[in-house]
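All of these numbers come straight from a predicted model, not from anything done at the bench.
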Amino acid sequence: MKNSFFNTSILTVAAMLSISGCNDKLADNFASPHDSVTTGVYWYWINDNISKEGVVKDLQAMKKAGINSVFIG
């Protein structure tokens, strides 16, 4: 469901760019970004409630969601 919302949002913005007079290449690049474009998040570790197993599971879930980098705080 989350990916469906994300895909719908991207298509909506891409359609708006096309309608507003932007060229087709810009809209296409927005809808399907190049592999060099990555998604990153800030990942805050609160208190000392951290385990190796938890970190590994979180990283695997982020990778599955398309997150390519994290900034730990």
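- Thr38 is linked by a side-chain hydrogen bond (donor to acceptor under 3.5 Å, both in side chains) to nothing, counting only residues two or more places apart in sequence or in another chain.
- A pairwise comparison of heavy atoms in Ile67 and Val70 identifies CG2-CG1, 4.4 Å as the closest pair.
- Here the options are Trp45, Tyr44, Trp43, Tyr42, the test is ring-ring contact (aromatic ring centres under 6.0 Å, His included), and the partner is Phe71; only Tyr42 passes.
- Here the NZ atom belonging to Lys64 is positioned 14.0 Å from the CE atom belonging to Met62, to the nearest 0.5 angstrom.
- No single ILVMFWY cluster, assembled from side-chain heavy atoms under 4.5 Å apart, contains both Ile46 and Ile72.
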